[in-house]
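Report on one structure; see the data block that follows.
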Amino acid sequence: MLRALLLENLHPDATEILTAAGIEVINHGGAMDEDELIEALQGVQILGIRSKTHVTARVVANAPDLIAVGAFCIGTNQIDLEAAADRGVAVFNAPFSNTRSVVEIAIADIISLTRRQSEFDKSMHDGVWNKSAVGAHEVRGRTLGIIGYGNIGTQLSVLAESLGMSVVFYDTAEKLALGNARRMSSLDELLQTADVVTLHVDGRPGNAGFFGTRELDRMKRGAILLNLSRGFVVDVEGLRDRIQSGHISGAAIDVFPTEPKKRGDTFESPLRGLSNVILTPHTGGSTEEAQEAIGNFVANKLRDYLSTGSTTLSVNLPNLALEKTTGVRRVAHLHRNTPGVLAAVNSTLSAHDTNIEGQLLATRGGLGYVVTDIGADVSPVMVDALRAMDQTVRLRVMD
Ligand SMILES: NC(=O)c1ccc[n+]([C@@H]2O[C@H](COP(=O)([O-])OP(=O)(O)OC[C@H]3O[C@@H](n4cnc5c(N)ncnc54)[C@H](O)[C@@H]3O)[C@@H](O)[C@H]2O)c1
């Protein structure tokens, strides 16, 4: 029986999905350090983690039974993806299970800042009745500038338009404009147009310091800035100065250059105490709905990989979308991507009188993944021959 070790309090749906697939599930509340993890992974084929458990090259090298790792979150920085791929360990994550949660909080931030809600709220809690319409606006008719028109940016575009906002966007990649959204040909054009600028770029290293003093200065006077993407994208000292000078009239920041490690830790930032600034502890994507969606998404990916060999959306192996088929046995061969491997696999199959019913190949960098359906029984000698090939990283046979 296959075994899964699930750490860091994953959503119960993950256990349910894997158990229903006939996998024995062991749950452990917290994260584990390297040595603990190596010990716990003996005899375990599937590991489920969130962001606190580090799956290092040493862990992968010392977990000979491990087949797949599920990161029940968005980021995969905590996993040595290359080391995992080198050992044929598939890694899956949940790239868009919390997209909607981020979009909803962005909408809430946009309306709150445009109405100066946090200032009114603070005055009221301080015991001051500060009724005024000055500087408070409807969002209807105002222009939202979305930087990074990906999963989050595009969904925000649709919801913002339904609120009556006019949407412009800037993305370094070619993107289809949804609804009436208009693509800006440059970042500067967007900054000169938008009343609210919101950042949804990805975490590629080149985006460190992407939104600095130059970009802040090019925003319209009185505009609002949101950053729910990555902490290293915005120059927070520069932002503080421009909020204090009144050039920027409000900001909502959910991600920070350095973030405290755990709940209850002290939070330090130049943005603390500023007027009309909403600060949230990286909770843009943190909702119970998102947790449930992540639990389902990743557990299904792990289950499918085990039963069909499907690597759709794996972050480190070549991607092949595979369905469950009946009446065939499936041989999944992950190998070093060198010329002639496919021919060698097929000549081994043919040397053992094996008829190929179907075959798919995908490659990714230095790895190739060929999945072959065969009608007959799988000869153990043939399996040994495939396994013995120099290029073989991992071979799995599935019913
Ligand atoms: N606050 C949270 O809790 C939370 C939750 C989920 C995601 N995120 C973050 O939100 C961001 C967006 O997530 P997503 O799922 O939409 O990502 P995505 O990969 O779908 O989209 C990112 C888009 O940004 C574009 N882009 C990258 N660099 C750019 C640049 N310098 N200028 C213009 N466009 C650029 C890309 O071409 C892409 O279209 C990521 O950084 C992610 O880590 C935060």
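Here the structure is a predicted model, which is why all the values come from computation and not from measurement. When reading the values below, keep in mind they use all heavy atoms of this one structure, side chains included, and skip hydrogens, waters and symmetry mates. In what follows, residues are counted from 1 in the order of the sequence shown.
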**OP:** Indicate whether any N or O donor in one side chain lies under 3.5 Å from an N or O acceptor in the other, for E119 and S275.
**Re:** yes
**OP:** Only counting residues at least two apart or in another chain, list the ones meeting salt bridge (charged side-chain N to carboxylate O under 4.0 Å, His left out) with R142.
**Re:** none
**OP:** Check the angle between the aromatic planes of F256 and F267 and answer parallel, tilted or perpendicular using the 30° and 60° thresholds.
**Re:** perpendicular
**OP:** Name all residues meeting the salt bridge (charged side-chain N to carboxylate O under 4.0 Å, His left out) criterion together with E24; count only those two or more places apart in sequence or in a different chain, and write none if there are none.
**Re:** R3
Original post:
Does the pair H247 and L216 meet the rule for a side chain to side chain contact (heavy atoms under 4.5 Å, CB included), with working shown?
Top reply: CA-CA 9 Å; H247 178 69; L216 291 162; 5.6 Å; no
Original post:
K220: what forms a side chain to side chain donor-acceptor pair (under 3.5 Å) with it, not counting sequence neighbours?
Top reply: D195
Subject >> Flag, side chain of T143 to backbone of A194, donor-acceptor distance under 3.5 Å >> reply: no
Subject >> Closest contact, heavy atoms only, S123 versus N130 >> reply: OG-ND2, 3.6 Å
Subject >> Residue pairs fulfilling salt bridge (Lys or Arg N to Asp or Glu O under 4.0 Å) with at least one residue in residues 59-86, sequence neighbours excluded >> reply: D86-R336
Subject >> Pi-cation contact, Y305 with K301 (under 6.0 Å, within 45°) >> reply: no
Subject >> Nearest-0.5 Å distance that lies between atom CG in N355 and atom OG1 in T372 >> reply: 11.5 Å
Original post:
Just wondering, do L47 and V59 contact through their side chains at under 4.5 Å, heavy atoms?
Top reply: no
Subject >> Salt-bridge present (R58, D35; N to O < 4.0 Å) >> reply: yes
**OP:** Kindly give the heavy-atom pair with the smallest separation between T348 and A385, and that separation in Å.
**Re:** CG2-CB, 3.7 Å
**OP:** Answer yes or no: is there a side-chain heavy-atom contact under 4.5 Å between L190 and T193?
**Re:** no
Original post:
Considering residues, nucleotides and ligands other than E39, do more than 12 of their heavy atoms fall under 6.0 Å from its CD?
Top reply: no
Subject >> Pair M32-I49, side chain to side chain contact (heavy atoms under 4.5 Å, CB included): steps then yes or no >> reply: CA-CA 10 Å; M32 284 186 179; I49 57 166; over 6 Å; no
**OP:** May I ask you to check whether over 12 heavy atoms, not counting those of D265, lie within 6.0 Å of atom CG?
**Re:** yes
Original post:
How would you list, by chain and number, every residue that makes a ring pair (Phe, Tyr, Trp, His ring centres under 6.0 Å) with H200, sequence neighbours excluded?
Top reply: none
Original post:
Judged by atom type as modelled, is there a donor-acceptor pair below 3.5 Å linking the side chain of E215 to the main-chain atoms of G212?
Top reply: yes
Original post:
Yes or no on side chain to side chain contact (heavy atoms under 4.5 Å, CB included) for L10 and V298, after CA distance, side-chain angles and deciding distance?
Top reply: CA-CA 11 Å; L10 304 184; V298 181; over 6 Å; no
**OP:** Identify, with sequence neighbours excluded, every residue that meets ring pair (Phe, Tyr, Trp, His ring centres under 6.0 Å) alongside F211.
**Re:** none
Original post:
Okay, side chain of E259, backbone of H282: is any donor-acceptor separation there less than 3.5 Å?
Top reply: no
**OP:** Indicate yes or no for a side-chain donor-acceptor contact from D109 to the backbone of A252 under 3.5 Å, with no hydrogens or angles considered.
**Re:** no
Subject >> Non-neighbouring partners of E138 that pass salt bridge (charged side-chain N to carboxylate O under 4.0 Å, His left out), sequence neighbours left out >> reply: R140
Subject >> Between OG on residue S269 and CZ on residue R240, distance to nearest 0.5 Å >> reply: 9.0 Å
Original post:
Are D202 and S229 close enough, and set up right, to give a side chain to side chain contact (heavy atoms under 4.5 Å, CB included), and what steps lead you there?
Top reply: CA-CA 7 Å; D202 55 52; S229 62; over 6 Å; no
Subject >> Audit row: D235, R214, salt bridge (Lys or Arg N to Asp or Glu O under 4.0 Å) steps and yes/no >> reply: CA-CA 10 Å; D235 175 345; R214 180 192 166 281; over 6 Å; no
Subject >> D126 atom CG, over 12 foreign heavy atoms within 6.0 Å >> reply: yes
Can you list, pair by pair, the side-chain donor-acceptor contacts under 3.5 Å of residues 89-103, counting residues two or more places apart and other chains?
{"from": "N93", "atom 1": "ND2", "to": "I74", "atom 2": "O", "distance (Å)": "2.7"}
{"from": "T99", "atom 1": "OG1", "to": "F96", "atom 2": "O", "distance (Å)": "3.2"}
{"from": "R100", "atom 1": "NE", "to": "E104", "atom 2": "OE2", "distance (Å)": "2.9"}
{"from": "R100", "atom 1": "NH2", "to": "E104", "atom 2": "OE2", "distance (Å)": "3.3"}
{"from": "S101", "atom 1": "OG", "to": "T287", "atom 2": "OG1", "distance (Å)": "2.7"}

Original post:
How would you list all residue pairs meeting side-chain hydrogen bond (donor to acceptor under 3.5 Å, both in side chains) that involve residues 324-335, not counting sequence neighbours?
Top reply: T325-R330, R329-D399, R330-D373, H333-H335, H333-T392
Original post:
About how many Å separate OH of Y170 and CG of L199, when rounded to the nearest 0.5 Å?
Top reply: 12.5 Å
Subject >> Considering all heavy atoms, the nearest A181-F169 contact >> reply: CB-CD2, 4.1 Å
Original post:
Hey, any chance L226 and L159 share a hydrophobic cluster, counting ILVMFWY side chains that come within less than 4.5 Å of each other, even indirectly?
Top reply: yes
Original post:
Looking at CG of L41 and CG of L5, how far apart are the two atoms once the value is rounded to the nearest 0.5 Å?
Top reply: 6.0 Å
Original post:
Would you find a donor on one side and an acceptor on the other, under 3.5 Å apart, between the side chain of R115 and the backbone of V139?
Top reply: no
Subject >> Heavy-atom neighbours of R396 CZ exceed 12 at 6.0 Å >> reply: yes
**OP:** Considering non-hydrogen atoms only, spot the tightest contact between N227 and R230 and give its length.
**Re:** ND2-O, 3.1 Å
Original post:
Nearest heavy-atom pair of K52 and A31: which atoms, and what distance?
Top reply: CB-CB, 3.8 Å
Subject >> hydrophobic_cluster_shared for L178 and L156, side chain cutoff 4.5 Å >> reply: yes
Subject >> Euclidean distance, I105 CD1 relative to T280 OG1, rounded to 0.5 Å >> reply: 6.5 Å
**OP:** Output all residues satisfying side chain to side chain donor-acceptor pair (under 3.5 Å) with E357, sequence neighbours left out; order by chain, then residue number.
**Re:** none
Subject >> Main-chain N/O of G203 paired to N207 side chain as donor or acceptor, under 3.5 Å >> reply: no
**OP:** Flag the pair M389 / V345 as yes when at least one side-chain heavy-atom distance between them is below 4.5 Å, and no otherwise.
**Re:** yes
**OP:** Return the set of residues passing salt bridge (charged side-chain N to carboxylate O under 4.0 Å, His left out) with R221 (not counting sequence neighbours), or none when no residue passes.
**Re:** none
Subject >> Under 3.5 Å donor-acceptor, D13 side chain and N296 backbone >> reply: no
**OP:** Please round to the nearest 0.5 Å and tell me the distance separating atom CG of D217 and atom CD1 of I248.
**Re:** 8.0 Å
Subject >> Side-chain donor or acceptor of T354 paired with backbone N/O of S350 under 3.5 Å >> reply: no
Original post:
Can you list the residues that meet the ring pair (Phe, Tyr, Trp, His ring centres under 6.0 Å) rule with F210, with sequence neighbours excluded?
Top reply: none
Original post:
Is the shortest heavy-atom distance from the side chain of R87 to the side chain of P64 under 4.5 Å?
Top reply: no
**OP:** Indicate yes or no for a side-chain donor-acceptor contact from N276 to the backbone of S118 under 3.5 Å, with no hydrogens or angles considered.
**Re:** no
**OP:** For I147 and V197, work out which heavy atoms get closest and say how close.
**Re:** CD1-CG1, 3.6 Å
